[in-house]
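What follows is a short report on a single structure.
The structure presented is a predicted model; accordingly, all values stated were derived computationally and were not measured. All chains are named by letter (A, B, ...) in the order of the sequence lines, taking the proteins before the strands, and each is independently numbered beginning at 1.
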2 protein chains.
Amino acid sequence: MAQTSPMRADVAMPTARASATTSFRPIVIHPDGALGDPCAHCDARSVSVCNAIEDDRLPRLAAAAVTATLAPGQGFIAEGDPATHFFNITSGTARLFKLLPDGRRQITGFAGRGHFLGLAVSDTYAFGAEAIGPMTMCRFPRSRMLGLLDEFRALEQRLLETARNELVSAQEQMLLLGRKTARERLSSFLLAQARAGSACGHAAHQIDLPMTRADIADYLGLTIETVSRGFTRLRNDGLIRLDGANSVHIRNIAALEDAAGGV
Amino acid sequence: MAQTSPMRADVAMPTARASATTSFRPIVIHPDGALGDPCAHCDARSVSVCNAIEDDRLPRLAAAAVTATLAPGQGFIAEGDPATHFFNITSGTARLFKLLPDGRRQITGFAGRGHFLGLAVSDTYAFGAEAIGPMTMCRFPRSRMLGLLDEFRALEQRLLETARNELVSAQEQMLLLGRKTARERLSSFLLAQARAGSACGHAAHQIDLPMTRADIADYLGLTIETVSRGFTRLRNDGLIRLDGANSVHIRNIAALEDAAGGV
DNA sequence: ATCGCGGCTTGACGTGGATCAACGCGCGCG
DNA sequence: CGCGCGCGTTGATCCACGTCAAGCCGCGAT
């Protein structure tokens, strides 16, 4: 697939990186809102907004939910589409992104287990979302969800809290995109991934990267080549070790923090 | 004052642009929480979260508020400081920013009349804030504000709404910072300012820029020089007219939208 | 008046990262 | 098995924007 051209608006036919063919296949749905109580055994609940709801009222939540499985690359939110559903990721990782008309892409974030998605301001989605690898999620119709918000004030409070958290990350990312060098961006990214991973119980020095170099590039406002060279240089400088393309080991965390711009 | 060096981490002594001398003079306070009902006559209320509260309960809000006047350049939030207050801007404009240790600055947004500030996630502020010109605001102690949130659910809902709005803007800004050219950034910025201005009742083609070129540069992830050259080129291309440095007239809005990357 | 200063513009030049191109590797598939 | 393809790496070259420098303007202070 053609590499997009971040700095040129006059490229011939710049296709978006996400392959359109695999992007919007029908999603495999498991309509299990009625059976048992899936929410009670959901292993994403502990890290999600759902745990704002007490055990004995979980069935109210479960009744509104539908779970689904997505294949790698499959899209489930299209920017500009009517915002009909809310989503909660139960396993896997999604990329959230915005596109320019000529195909340039900015990934605004990665969403993992427990991440709540689709809280649109207006009635259309402000960004697109695609599964990076195999992914599962549960899904709520907008109207049911709004009803649940009325019913559970704690849920609304959790949502406000997560919105503010995301706002803080977004501001951090603006600093990165506006003012950091390629090396600083990559180092910051690795440190953030390490922190996110260790919060999920991984070893603190071991980083798993489910996304491709193109995803990383579009997240950091760089090109694939610059990301690749950046990894190579960090390795040659002894800051990291590369165990294949998708696994990074931090060898010198102090130096990496230093290379990240030291915040 | 020395221009900061976005692309070099080894600059000798890069001072932050905000002059430290004027930044944290004591703020002029008007302790009027007791007198009359300032909130009822506040001309920022209609555009602020405050209007989520009914007229007859405004005194509850007013009792917690203290108004203050700030001089140009004066800071009122320092990144990393304990988050003791919430702020509501009643006139003027503030810049919100994050700094790197070497002085590089990223302005994450501009806050005008009605903008609500200081909703920190943790107990410290995640960004700094300074008045651009003369500014007035009202201020709430954190504890009182949290009490008000409990009392007025509509206030909390408005806050969630504004947080989501800001998140959408932040994502838009990430797209700008990560993937747009200097010309596109500047055009997008002018269009956004025009929209913000016309929402406040200004003529749709007339843009007032209260901030300096340095502010614009730090907001768009560029340098002063590039911003200045960008303005000059947009003028020479007939898209805008410059009436002094702080006033821009849009001469060809379609072309400007085109130059902005066409979203 | 004139001096200093901060903000803005403009020109000349340097460079970080984009672009273009080639190649290697792993993997699914005919 | 070997072919094609997607992904990652690396090298050569280019260019948009950063850096450095000079000069202008408006304004407030002496």
Side-chain angles (χ1 to χ4, degrees), chain A residues 1-12 14-15 17-19 21-22 72-73 102-105 132-133 176-186 209-218 220-236 242-248, chain B residues 1-12 14-15 17-19 21-22 72-73 104 132-133 177-186 209-218 220-236 242-248:
Chain A
M1 170 152 312
Q3 166 68 19
T4 57
S5 310
M7 283 306 162
R8 290 250 296 281
D10 56 349
V11 277
T15 24
R17 267 166 190 151
S19 114
T21 58
T22 66
D102 63 8
R104 280 174 288 174
R105 182 178 71 164
I132 287 181
L176 180 148
L177 291 171
R179 288 300 179 222
K180 290 189 179 178
T181 65
R183 185 183 173 89
E184 288 169 339
R185 292 180 201 201
L186 204 48
L209 300 174
M211 68 290 288
T212 65
R213 294 288 185 267
D215 288 332
I216 298 172
D218 283 349
L220 300 179
L222 302 169
T223 58
I224 297 178
E225 295 92 329
T226 301
V227 169
S228 183
R229 279 187 256 267
F231 275 122
T232 305
R233 271 197 52 207
L234 288 179
R235 167 167 56 72
N236 293 347
L242 291 166
D243 309 332
N246 298 315
S247 179
V248 178
Chain B
M1 169 147 315
Q3 165 68 20
T4 56
S5 309
M7 283 307 162
R8 291 251 295 281
D10 55 351
V11 275
T15 26
R17 268 166 190 152
S19 111
T21 59
T22 65
R104 281 174 286 173
I132 286 181
L177 292 170
R179 287 299 179 222
K180 289 190 181 180
T181 65
R183 184 183 174 88
E184 288 168 339
R185 293 181 201 201
L186 204 47
L209 299 175
M211 68 291 287
T212 65
R213 295 287 186 266
D215 289 332
I216 298 173
D218 284 349
L220 300 180
L222 301 170
T223 58
I224 298 179
E225 294 91 330
T226 301
V227 169
S228 184
R229 279 188 256 267
F231 275 122
T232 306
R233 270 196 52 206
L234 288 178
R235 168 167 55 72
N236 293 347
L242 292 166
D243 308 332
N246 298 314
S247 179
V248 178

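- In this structure, the side-chain hydrogen bond (donor to acceptor under 3.5 Å, both in side chains) partners of T226(A), at least two apart in sequence or on a different chain, are T223(A).
- In this structure, NZ of K180(B) is placed 19 Å from P of dA16(D), rounded to the nearest angstrom.
- As a whole-Å value, the separation of L209(A) CG from dC7(D) P is 15 Å.
- Judged as a side-chain contact (heavy atoms from CB on, under 4.5 Å), and not counting sequence neighbours, S228(B) has no contacts.
- If you take CG of L220(A) and P of dG16(C), they are 19 Å apart, rounded to a whole angstrom.
- Every residue meeting the side-chain contact (heavy atoms from CB on, under 4.5 Å) condition with D243(B), not counting sequence neighbours, appears here in chain and number order: Q206(B), R241(B), S247(B), H249(B).
- Rounded to whole Å, atom P of dT9(D) lies 11 Å from atom CG of L186(A).
- If you take CG of L177(B) and P of dC17(D), they are 13 Å apart, rounded to a whole angstrom.
- Listed by chain and residue number, nothing satisfies the salt bridge (charged side-chain N to carboxylate O under 4.0 Å, His left out) test with R213(A) (two or more places apart in sequence, or in another chain).
- Within 4.0 Å (heavy atoms only), G221(A) reaches sugar-phosphate atoms of the nucleic acid but no base atom.
- With rounding to whole Å, R104(B) atom CZ is found 13 Å from dG18(D) atom P.
- Shown here are the salt bridge (charged side-chain N to carboxylate O under 4.0 Å, His left out) partners of R229(A), two or more places apart in sequence or in another chain: there are none.
- No donor-acceptor pair under 3.5 Å is formed between the side chain of R105(A) and the backbone N or O of D218(A).
- Protein atom CG of L222(B) is 11 Å distant from nucleotide atom P of dT19(D), rounded to whole Å.
- The interatomic distance linking L234(A) (CG) with dT9(D) (P) rounds to 12 Å, in whole Å.
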Show me the protein contacts with nucleotides 8-11 of chain C, counting only N or O atoms at under 3.5 Å.
| unit_1 | atom_1 | unit_2 | atom_2 | d |
| --- | --- | --- | --- | --- |
| dC8(C) | OP2 | R213(B) | N | 2.9 |
| dT9(C) | OP1 | R213(B) | NH2 | 3.3 |
| dT9(C) | OP2 | R213(B) | NE | 2.8 |
| dT9(C) | OP2 | S228(B) | OG | 2.7 |
| dT9(C) | O5' | S228(B) | OG | 2.9 |
| dT10(C) | OP2 | T232(B) | OG1 | 2.5 |
| dG11(C) | N7 | R229(B) | NH1 | 2.8 |
| dG11(C) | O6 | R229(B) | NH2 | 3.4 |

